[in-house]
Amino acid sequence: MRCTERSQRWCAGEMLCAVYDGEELLAEIHEESEEYYSTDSKGREVYVGCLDMNGTLELDDCFELVEEGADKRDAV
């Protein structure tokens, strides 16, 4: 996954995670919930997206899918 815009998640004044424009993350599926998560540069969990009822990947608005090893300017 590639972050397309800076994003931070906060709860009760505490930063839960932060990702930055152009940052690439490797996401893994949580089998039970069919949600994809990664970690930010500080090891905090980042929600990336989920599978819909048809099994199609729906990414959070600030991420795009990139092919592993692809040029950073070429999104899939």
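Note that these values count all heavy atoms, side chains included, but never hydrogens, waters or copies made by symmetry.
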What heavy-atom pair brings [X] and [Y] nearest, and what distance separates the two atoms?
{"X": "L26", "Y": "S38", "answer": "O-OG, 2.9 Å"}
{"X": "F63", "Y": "L25", "answer": "CE2-CD1, 3.6 Å"}
{"X": "L65", "Y": "L59", "answer": "N-CD1, 3.5 Å"}

(request) Check whether V66 and Y47 end up in the same hydrophobic cluster, where Ile, Leu, Val, Met, Phe, Trp and Tyr are linked by side-chain heavy atoms less than 4.5 Å apart. (result)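 No, V66 does not connect to Y47 through the hydrophobic network.
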Which value, rounded to the nearest 0.5 Å, describes the distance between [X] atom [atom1] and [Y] atom [atom2]?
{"X": "T56", "Y": "L51", "atom1": "OG1", "atom2": "CG", "value": "8.0 Å"}
{"X": "E64", "Y": "R2", "atom1": "CD", "atom2": "CZ", "value": "5.0 Å"}
{"X": "E58", "Y": "M53", "atom1": "CD", "atom2": "CE", "value": "10.0 Å"}

(request) Decide if atom CD of E28 counts as having more than 12 heavy atoms of other residues, nucleotides or ligands within a radius under 6.0 Å. (result)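 Count not over threshold, so no.
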(message) Is the shortest side-chain heavy-atom distance between M1 and V46 below 4.5 Å?
(response)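 No; the side chains remain at least 4.5 Å from each other.
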(message) Applying salt bridge (Lys or Arg N to Asp or Glu O under 4.0 Å) as the test, list every pair that has at least one member in residues 3-13; sequence neighbours left out.
(response)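 Every salt bridge (Lys or Arg N to Asp or Glu O under 4.0 Å) pair that includes a residue of residues 3-13, provided the two are not neighbours, is R9-D60.
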(request) Give every residue pair that meets the salt bridge (Lys or Arg N to Asp or Glu O under 4.0 Å) criterion with at least one member in residues 38-54, sequence neighbours excluded. (result)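 Matches after skipping sequence neighbours: D40-R44.
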